[in-house]
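Below is one structure, written out as structure tokens, with a few remarks after it.
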Amino acid sequence: MALHIYNSYTRNKELFEPVTPGHVGMYVCGPTVSGESHLGHARPYVTFDIVFRYLQFKNLKVRYVRNITDAGHFEEEGREAEDKVSKKAQLERLEPMELVQKYTNLFHWAMKEFNCIEPSIEPTATGHIVEQISMIEDIITKGYAYEVNGSVYFDVKKYAAHHDYGKLSGRILEDLIEAGNRESVSRDLEGQSEKRDSADFALWKAAPPEHIMRWKSPWGEGFPGWHIECSAMATKYLGAHFDIHGGGMDLLFPHHESEIAQSTICNHTAPVKYWMHNNMITINGRKMGKSYNNVIKLTEMFSGNHPLLTQAFHPMTVRFFILQSHYRSTLDFGNDALLASEKAFKRLWEAYEVLKKLSSEGNDIPSDKELDDKVNNWVNEFEIFMDDDFSTPKVIANMFELAPVINSLKDGIIPMKNISTNTLNRLKERFGVFLEDVFGLKNTDGNNNEVLKPVMDLLLDIRKEAKLKKDFVTSDKIRNQLTAMGIVIKDEKDGGTSWGVG
RNA sequence: GGUCCUGUGGCCGAGUGGCUAGGCAGAGCUCUGCAAAAGCUUCCACAGCGGUUCGAAUCCGCUCGGGACCUCCA
């Protein structure tokens, strides 16, 4: 089976063939640490964590680079050219780097909560000013950028004469120029007049006196432009041409389009073989974003401290919620949807716990060939579905098909002999690999508490004795009190009792 | 205004022209001292109108609705 990836650049599903056999270079646009991450931010990081994990499952060696944008991007010229990071810092009376540290820490905390594997390299923009400057110099030398008043701009028109500018984002240069010209009339004229053409974008920006974050450059003191950091760092760590570049769909233009232009000029080759873009998380049908004022921060998500939330949601619930839809579809947030995911995930995980305890020996021939085939088929499809552009929702659907079978095997509703030992073992192995290793899901309750376990064993033992004596007052008292404490107990068909927190 | 995406049952969501995705919620049943859990069964769909086709949620056209990008944005 071979992995196919939907390539945003060609708008087709393509067979994935690494540039260097056995190795994969993957770059994902990381967070701008000028504020707290919200639910929308969770999507790309969970999505590409799955990609990272799955590529490794496929026995590929992956170098996963995800940057931290800590230099702060200025806003569009025509408005105030202020550095977002330093602006906020002044408001909060913090050093810019103090702010950067705070939000970087918060971001890392959230990633850990989501059980996202750390990237191989997590470079910062401020740590690569030198690389960015030399890349800009290179572009100037090659004649595709020009300096004006200490700022450097990329010459889009010149680039577009011989390259496909706009292909990734489906844009036509003439439209951009027209739109730009129209804008410049109604907007500010100052910043615009510096550029030779409205479609040009900044590589380096001269810093006004009040700008705190500034670096020396051949063009005077300033700070890097919007897009150059990703190009510089991707090139440095992954080379001129690498496999996968990921990010949110909203980065297609201008960010990724510009990255392609810059890198192509510097490296004489298109930087990326497969462009991957995740879709947005919406809330009431609208993209979650600062400008819409409809964000739910991750801290609010995990604490339930938000008007739209009826309760706290565990990071694994959110992760599962994200995996239940395909990464290229919009995903509509709602409290009810999260509640549904919470229950669904719990049920699935409990089935998995049950599955781990099942065993059979020496049953070579299944008594129910049809069922045995079905199980094998569902299990085989895990990989087939993932190979088809990471269809996590389909894999989950199959897991839910398997859940009743697993539970029935345990309860004896389906005799163990109905499926072969091989089938059972394969089911156990694959279910675990996909649920834990590929999907990165993990247990959410506290059954592993070393202190609690013997206490629970004792209580359940007493309750069992009471039940045998038909002393239901005592047995119900234990059960009800435990329920009140948040511990749910379940009487199993085989006479045993299981329990769980939450 | 330009470019593109999208409209699936109470909610969230898969859907490659023909075979009920799945989850949550609802209803019934089985099991159970009672519950919970589990199992089984079941209700509720493909925005509208045309067209192509033996056959369309799936392809085409139109209408209506929603959204994204064109500005930092996951």
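Lettering of chains follows the sequences in order, A, B, ..., and the numbering in each one begins at 1.
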Inset, instruction - Go through A74(B), A68(B), A38(B) for me and flag the one nearest to the Asn407(A) side chain. - result: A38(B)
Protein and nucleotides 28-34 of chain B: nitrogen or oxygen contacts under 3.5 angstrom:
residue, atom, partner, partner atom, Å
G33(B), N1, Asp476(A), OD1, 3.0
G33(B), N2, Asp476(A), OD2, 2.8
C34(B), O2, Arg479(A), NH2, 2.7
C34(B), N3, Arg479(A), NH1, 2.8
C34(B), N3, Arg479(A), NH2, 3.2
C34(B), N4, Arg479(A), NH1, 3.4

Inset, instruction - Quick one: label His277(A) by what it contacts on the DNA or RNA (base, sugar-phosphate, nothing), any heavy atom closer than 4.0 Å. - result: nothing
Inset, instruction - Please state how far atom CG in Leu402(A) lies from atom P in G39(B), giving the value in whole angstrom units. - result: 12 Å
Inset, instruction - Could you tell me whether Gly285(A) contacts a base, only the sugar-phosphate backbone, or nothing, with contacts defined as non-hydrogen atoms closer than 4.0 Å? - result: sugar-phosphate
Inset, instruction - Give the nucleotide from the list C4(B), C69(B), A14(B) with an atom nearest to the side chain of Arg11(A). - result: C4(B)
Legend entry - Shortest side-chain distance from Ser408(A), nucleotide among A74(B), G39(B), A37(B): G39(B)
Inset, instruction - Taking the six-membered ring of Tyr6(A) (Phe, Tyr or Trp), confirm whether the NZ or CZ of Arg328(A) is under 6.0 Å from its centre and within 45° of its axis. - result: yes
Could you pull out every donor-acceptor pair under 3.5 Å between side chains of residues 109-117 of chain A and any protein atom, sequence neighbours left out?
residue, atom, partner, partner atom, Å
Asn115(A), ND2, Gly440(A), O, 2.9

All N/O contacts under 3.5 Å from nucleotides 22-24 of chain B to the protein, with atom names and distances to one decimal?
residue, atom, partner, partner atom, Å
C24(B), OP1, Arg347(A), NE, 3.2

Inset, instruction - Tell me what Leu252(A) touches on the nucleic acid: a base, only sugar-phosphate, or nothing, going by heavy atoms under 4.0 Å. - result: nothing
Inset, instruction - Indicate whether OP1 or OP2 belonging to A68(B) is found under 4.0 Å from a side-chain N or O atom of Tyr292(A). - result: yes
Legend entry - With Gln311(A) via side chain to side chain contact (heavy atoms under 4.5 Å, CB included) - residues at least two apart: Phe313(A), Leu339(A), Glu342(A)
Inset, instruction - For residues 312-322 of chain A, pull every pair meeting side chain to side chain donor-acceptor pair (under 3.5 Å), keeping only residues two or more places apart or in separate chains. - result: Asp49(A)-Arg319(A)
Inset, instruction - Not counting sequence neighbours, which residues clear side chain to side chain contact (heavy atoms under 4.5 Å, CB included) with Ser475(A)? List them please. - result: Arg463(A), Ala466(A), Lys467(A), Phe472(A)
